[in-house]
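Here the structure is laid out as structure tokens; the discussion comes afterwards.
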Amino acid sequence: MPAETNTYPQQIAFESFLLHEKGLSQASLCAYRSDLLHYYSFAVIADKKRKHHESKAPSLEQLTTDCLRLYLDSLQNLGFAASSLSRRLSSLRSYSRFLLDEKVLAKDPTAILRSAKLSHYHPEYLSHIEVEQLYHLLYENIQAGKKAAWRDLCLIELMYGGGLRVSEAINLSVNQILWDDELISVIGKGDKQRLIPLGKKVKASIGTYLKVERCAKEAANELLILNQQGTNLSRMGAWKRVQDLVISAGIETRCSPHTFRHTFASHLIEAGADLRAVQEMLGHADISSTQIYTHVEAHYLAEVHRSFHPRNHIG
């Protein structure tokens, strides 16, 4: 934490614990740091209002149930989503339990606090027809000789054909493609490695991209996906390219790079894939994260019933 945030030895120890023992990524570490700083800022203001004069700022080691409850109530009044409230409480709960283990706190002040009730989340995903529309456009662009057309196809293949997060796709190096084994070695959240099957069409698309487009660039690194300057494609660059492709394909569904990961999982579940296998391919530590896609199967079955059962068409 920056110096002005009143960094305490326990906070440094907590970050070290998250990084080295829990194996969290730098992005996750920053999220924890941001949540703790946000609460700390609230606690300072609340303390001054309560005492009506300048006082020594409280530390994060002085967590109290009352202040935590006031904090969460204030966020709710400001219109924070239930998911945001749950995440912040989760960060504070993790820190409290760490302090408890370190004998800094005598009891856990978050023990009696409950997370906000989350509404059932249904991920947006593309239909089979919409995916066909997009691939039709991608092949048209290739035939027309448009710049980076093979690169665009390769990017979509990694996210829809392999279920990679956009960050995983743009940070994938050429040597992570295991051609003989027909696998992609992916480094996901928390630097955890997983293996993704490399389908024949995806393999062919990546292979052609390497021969036709990427070899022509003087690449500054070993990354697979490059921009026009031969350097790594940024997240924003990938997002803008996806938006352009989706609009050009005439797809009206709201779509981001992560939509292709949702679509990958949803289409596998629809086709009857085992939930555990999908969990492994997505790299979810908890199967509950994968279970958000099980509604797709029910939705698909209902659609089949409506379309084909004779009773739905009589009269």
Side-chain angles (χ1 to χ4, degrees), residues 19-20 22-31 134-135 137-139 141-143 145-246 255-265 279-285:
L19 188 64
H20 301 295
K22 299 291 285 184
L24 267 60
S25 65
Q26 285 293 336
S28 297
L29 190 65
C30 286
L134 180 60
Y135 272 94
L137 172 72
L138 290 166
Y139 288 123
N141 289 347
I142 288 170
Q143 290 174 355
K146 292 190 176 182
K147 288 183 179 179
W150 279 104
R151 191 279 315 277
D152 291 344
L153 174 62
C154 186
L155 178 63
I156 298 300
E157 291 280 43
L158 290 173
M159 295 189 296
Y160 172 65
L164 274 67
R165 300 177 179 92
V166 64
S167 58
E168 295 169 345
I170 62 177
N171 289 308
L172 193 73
S173 65
V174 175
N175 59 22
Q176 286 177 262
I177 309 296
L178 310 179
W179 299 101
D180 293 339
D181 297 323
E182 297 190 335
L183 294 168
I184 304 174
S185 175
V186 180
I187 306 299
K189 288 185 176 181
D191 292 330
K192 293 178 182 176
Q193 184 186 42
R194 69 183 192 277
L195 296 174
I196 307 294
L198 184 63
K200 293 189 185 302
K201 289 186 178 180
V202 177
K203 182 179 180 180
S205 297
I206 295 175
T208 305
Y209 160 66
L210 286 171
K211 292 175 184 176
V212 175
E213 276 187 7
R214 195 187 180 286
C215 66
K217 297 182 183 296
E218 294 183 7
N221 51 52
E222 289 298 312
L223 293 180
L224 177 66
I225 304 294
L226 302 176
N227 60 21
Q228 294 294 351
Q229 289 71 46
T231 57
N232 58 303
L233 182 69
S234 66
R235 286 176 68 102
M236 183 55 69
W239 189 88
K240 288 181 177 177
R241 194 66 201 120
V242 165
Q243 294 303 305
D244 289 343
L245 290 169
V246 166
C255 191
S256 71
H258 208 66
T259 305
F260 293 101
R261 181 170 158 88
H262 289 323
T263 306
F264 164 84
Q279 178 193 1
E280 287 294 322
M281 286 185 276
L282 291 175
H284 287 161

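Everything quoted here is computed from the prediction, not taken from an experiment.
Taken from CG in Leu198 to CD1 in Ile206, the straight-line distance is 5.5 Å, to the nearest 0.5 Å. In this structure, CD1 on Ile170 lies 11.0 Å from CG on Leu158, to the nearest 0.5 angstrom. Atom-to-atom distance recorded for Lys201:NZ and Leu153:CG is 11.0 Å, nearest 0.5 angstrom. Once rounded to the nearest 0.5 Å, the distance linking OG1 of Thr231 with CG of Leu226 reads 7.5 Å. How far CZ of Arg151 is from CG of Asn227: 7.5 Å, rounded to the nearest 0.5 Å. Note that the CG atom of Leu137 and the CD1 atom of Ile142 stand 10.0 Å from one another [nearest 0.5 Å].
Not one N or O on the side chain of Tyr209 forms a donor-acceptor pair closer than 3.5 Å with the backbone of Leu155. In terms of modelled atom types and a separation under 3.5 Å, the side chain of Gln279 and the main chain of His284 share a donor-acceptor contact. Using a distance-only test at 3.5 Å, with no hydrogens or angles considered, no donor-acceptor pair links the side chain of Glu182 to the main chain of Lys200. Between the side chain of Gln176 and the backbone N or O of Ser185, at least one donor-acceptor pair lies under 3.5 Å.
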Do Leu19 and Gln26 pass the side chain to side chain contact (heavy atoms under 4.5 Å, CB included) test, and can you show the C-alpha distance, the side-chain angles, and the key distance before you say yes or no? CA-CA 8 Å; Leu19 188 64; Gln26 285 293 336; 3.8 Å; yes
Stepwise side chain to side chain contact (heavy atoms under 4.5 Å, CB included) check, Ile177 with Leu210: CA-CA 11 Å; Ile177 309 296; Leu210 286 171; 5.9 Å; no
Derivation and outcome, side chain to side chain contact (heavy atoms under 4.5 Å, CB included), residues Val166 and His258: CA-CA 7 Å; Val166 64; His258 208 66; 6.0 Å; no
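Counting heavy atoms from C-beta outward, Pro257 and Arg235 have side chains that stay 4.5 Å or more apart. For the pair Lys203/Trp179, a side-chain contact is recorded, criterion being any heavy-atom separation below 4.5 Å from C-beta on. Taking the side chain as every heavy atom from C-beta outward, Leu178 and Leu195 approach each other to under 4.5 Å.
Minimum interatomic distance between Ser256 and Val242 (heavy atoms only, all atoms of both residues): C-CG1, 4.1 Å. Shown here for Gly162 and Ile196, the closest heavy-atom pair between the two residues is O-CG2, 3.4 Å. The two atoms that bring Glu213 and Lys146 nearest to each other are OE2-O, 4.4 Å, heavy atoms only. The two atoms that bring Gly163 and Arg261 nearest to each other are O-NH1, 2.7 Å, heavy atoms only.
For residues 155-171, every residue pair satisfying the side-chain hydrogen bond (donor to acceptor under 3.5 Å, both in side chains) rule, not counting sequence neighbours, is listed here: Tyr135-Glu157, Glu157-Ser205, Tyr160-His267, Arg165-Glu168, Glu168-Arg194.
By the salt bridge (charged side-chain N to carboxylate O under 4.0 Å, His left out) test, Arg241 pairs with Asp152, Asp244, sequence neighbours left out.
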